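What you see is a predicted model; the values in this text were computed from it and never measured.
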Amino acid sequence: MCGITGWVSFHRDARTQAPVIEAMTGTLTPRGPDAGGVWLGERAAIGHRRLAVIDPAGGAQPMTDRPDDPDIVLSYSGEVYNHHELRAELRGRGHAFRTRSDTEVVLRGYAEWGEGVAEHLHGMFAFAIWDERAQRLVLVRDRLGVKPLFWALVDGGLAFASEPKALFAHPEIRPRVDADGLREAYSLLFNTGPTVWSGVREVEPGGLLVLDRDRVRERRYWQLEAAPHTDGREATVERVRELVGTAARSRLEADVPLCSLLSGGLDSTVLTALLAGELREREGPDARIRSYAVDYSDQAERFTGDVLRTGHDTPYATEAGAFIGTDHSVVVLDPRALLDPGHRKAVVVARDSPIGVGDMDTSLYLLFGEIRRHSTVAVSGEAADEVFGGYPWFHDPRALAADTFPWLLVTGDEAAMPLNPELDLRIGEFRDDTYRDALAAVPHLDGETPAEHRQREVQHLSLTRWLRQLLHRTDRLSMAQGLEVRVPYCDHRLVEYAFATPWALKSFDGREKSLLRAAGNGLAPHSVLHRPKNHYPATHHPDYNRGLQNLAREALATAQVRALADETRLKPCLDTPPGQLEWGHRLRLERVVDLALWLDHHQPELVL
């Protein structure tokens, strides 16, 4: 896993701009702490920071098709899990390889298939190819958008990067935020394409961008389709288990230490069991995979349920680890450490955004830092809820009947920092317009009942929007610690199969994630298999709430924050006794604090 950046300009000689590409590349050092490099040509400057995972000795980047006078230059981030099969195919087509890396497979694949290489790749990736022969830049992002890729126009071309902070090291790109950016940030709709930053866009998941002298062209090489499902229940369960197992096994390859994130929920337990079983097959019956969970020092005594959490994770994670036979560790955090301004700033800097989930982001960042002391790669159960229908809004008649994004009935405005009404951002209208556009993108299947189609809409919205902000969160906070996180439930073959499966099969036992529960039978303890859905843990310590209220008061003492935030609607959150602060109101305060840190660090120009 790595960081990529660079630019192409047909108006100036990039060979004179070495300090610029070096500065852009340097901003991505946390993503690639092991090595870095740049390549300069007349029209293109390409940079790379490397986290060495496969073939540490041979995968240096930027990579070229030949050392002298190259035709193809590649800067690549991610993992291609079918690189062995593709290597064999490309060798059969006459390509010679000089490394074991999946990076070179992408490079030779482009030489063979051009931009069509994207459709051959299975995995998580974002990469840039400068084609010297055609004078063309190609940017490619994986199907689900696991790996980020941003771009912005510059004089005579465009610049690209894994994170916006690298773009802002280019002299022509400044951190500017306008009303559209605030709407994107605070509407909680999770569009891709536009960002909070004016002029900075994302390459779409499953999309590619091509720049040549004439134009910028974007297209999708993959998207969700509605397809008939002919398997019965038993065959569907078996196919799900096969697909999850294949995805898990393919993500075990690494030349560095690897571990699993084991929360004690269904998703991570099934995945960890499959990983552990495959590891024993490969290395012998005594092989054990490391697993990690996070907890707070007060959680056992102070846990209280809320709209997203039904129980304390640690006992389930410990039981699951013992059942599977992992080398299990619980990273216990002091809730007061989550108030540390250095930790909170590091999170906001990593995100390049004012929008996050406060203490849950900070604790995840600290968890990843602790894991990084022992492992370079972690495997996560992220995305199973979107794939198999695990969220409350899949099952709540009120959410299914609502004419808006279903998660807004759970998070709603209570979870969004209220903005100053004088800004007149018309977020309600923006939500309505965006919702109509989102529904128009949902594929139809002939013969579907209205109820079945509504479930397809909710799953499409969850996979194409809600999931994207979770993947951004995981990517930014893990890569800020130099840790690669792999997400097998994002395997596009599994996602395609599950999306085509009728809702009656996804919920055949009357509960969430019926298919995954059935497929995981025998892989997890009974208590975990039948445990209700539980979200990432948050601290419940009143000292944390009290400290958060104080930080929010300090944030509101600054003129820029006061200009953006609605102090009147925040006052009840500040005046509530710490022990009685509800989750939604606490999240409002988290976002005020993050806004202040974001404004202080990025110093954006506000054009409102």
Side-chain angles (χ1 to χ4, degrees), residues 1 34 51-57 79 81-85 100-102 123 238 240-295 313-332 367-382 384 478 481-489 491 494 516-529 531:
M1 200 59 59
D34 295 330
L51 177 66
V53 172
I54 295 175
D55 192 11
E79 304 292 347
Y81 302 117
N82 63 331
H83 71 98
H84 293 296
E85 297 89 337
R100 295 189 297 108
S101 69
D102 57 333
E238 183 58 34
V240 165
R241 183 159 179 159
E242 176 188 335
L243 287 168
V244 174
T246 298
R249 287 190 296 274
S250 69
R251 282 149 180 85
L252 263 178
E253 181 180 5
D255 294 331
V256 292
L258 178 145
C259 69
S260 179
L261 303 178
L262 179 60
S263 69
L266 173 65
D267 316 338
S268 64
T269 302
V270 168
L271 191 59
T272 301
L274 291 167
L275 293 169
E278 178 65 18
L279 195 65
R280 286 191 288 268
E281 285 286 324
R282 295 183 186 185
E283 299 182 10
D286 296 330
R288 294 165 68 89
I289 192 170
R290 281 182 176 269
S291 62
Y292 289 90
V294 67
D295 202 357
D313 277 339
T314 292
Y316 293 95
T318 301
E319 183 184 3
F323 181 90
I324 297 166
T326 72
D327 182 2
H328 187 65
S329 299
V330 180
V331 177
V332 180
L367 170 64
F368 286 152
E370 182 62 28
I371 291 173
R372 184 61 175 91
R373 295 176 56 210
H374 308 284
S375 299
T376 307
V377 176
V379 184
S380 167
E382 196 80 88
S478 62
Q481 297 282 21
L483 178 73
E484 174 182 303
V485 175
R486 298 176 178 177
V487 280
Y489 290 116
D491 188 291
L494 171 63
L516 183 60
R517 183 175 298 103
N521 189 36
L523 297 175
H526 182 274
S527 61
V528 171
L529 276 177
R531 182 187 178 197

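Under the 3.5 Å distance criterion, the side-chain polar atoms of R486 are left unmatched by any main-chain donor or acceptor of S250. Formation of a donor-acceptor pair under 3.5 Å by the R531 side chain with backbone atoms of G264 is found in this model. Using modelled atom types, one side-chain atom of D255 and one backbone atom of D55 make a donor-acceptor pair closer than 3.5 Å.
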Mind running side chain to side chain contact (heavy atoms under 4.5 Å, CB included) on F323 and V528 for me, showing each step along the way? CA-CA 11 Å; F323 181 90; V528 171; over 6 Å; no

Please assess V270 against Y489 for the test side chain to side chain contact (heavy atoms under 4.5 Å, CB included), listing each intermediate value before the final yes or no. CA-CA 11 Å; V270 168; Y489 290 116; 4.0 Å; yes

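For the atom pair CG (L258) and CD (E484), the distance works out to 8.5 Å, reported to the nearest 0.5 Å. In this structure, OG on S260 lies 12.0 Å from CG on D327, to the nearest 0.5 angstrom. Atoms CD and CG, from Q481 and L367 in turn, are 9.5 Å apart once rounded to the nearest 0.5 Å. Separation of atoms CZ (R251) and CG (L274) is listed at 12.5 Å; rounding is to 0.5 Å. Atoms CG and CG, from D267 and L261 in turn, are 12.0 Å apart once rounded to the nearest 0.5 Å. The line from CD1 of I54 to OG of S101 is 8.5 Å long, rounded to the nearest 0.5 Å.
No side-chain heavy atom of E281 sits under 4.5 Å from any side-chain heavy atom of R249. T269 has its side chain out of reach of L523: every pair of non-hydrogen atoms, C-beta onward, lies at least 4.5 Å apart. Annotation: side chain of V330 is not in contact with side chain of V294 (no heavy-atom distance under 4.5 Å). For the pair C259/I371, a side-chain contact is recorded, criterion being any heavy-atom separation below 4.5 Å from C-beta on.
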Ignoring hydrogens and angles, write down the donor-acceptor pairs under 3.5 Å from the side chains of residues 373-381, residues two or more places apart or on other chains.
from	atom 1	to	atom 2	distance (Å)
R373	NH1	E370	OE1	3.3
R373	NH1	E370	OE2	2.6
S380	OG	E382	N	3.0

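Closest non-hydrogen pair, L279 versus A287, comes out as O-CB, 3.9 Å. P285 approaches R280 most closely through the heavy-atom pair O-CD, 3.6 Å. Contact between E253 and H83 at its shortest, heavy atoms only, is OE1-NE2, 3.1 Å. Pairing each heavy atom of P525 with each of A320, the nearest pair is CG-CA, 4.0 Å.
For the salt bridge (Lys or Arg N to Asp or Glu O under 4.0 Å) test, no residue two or more places apart in sequence or in another chain qualifies with D102.
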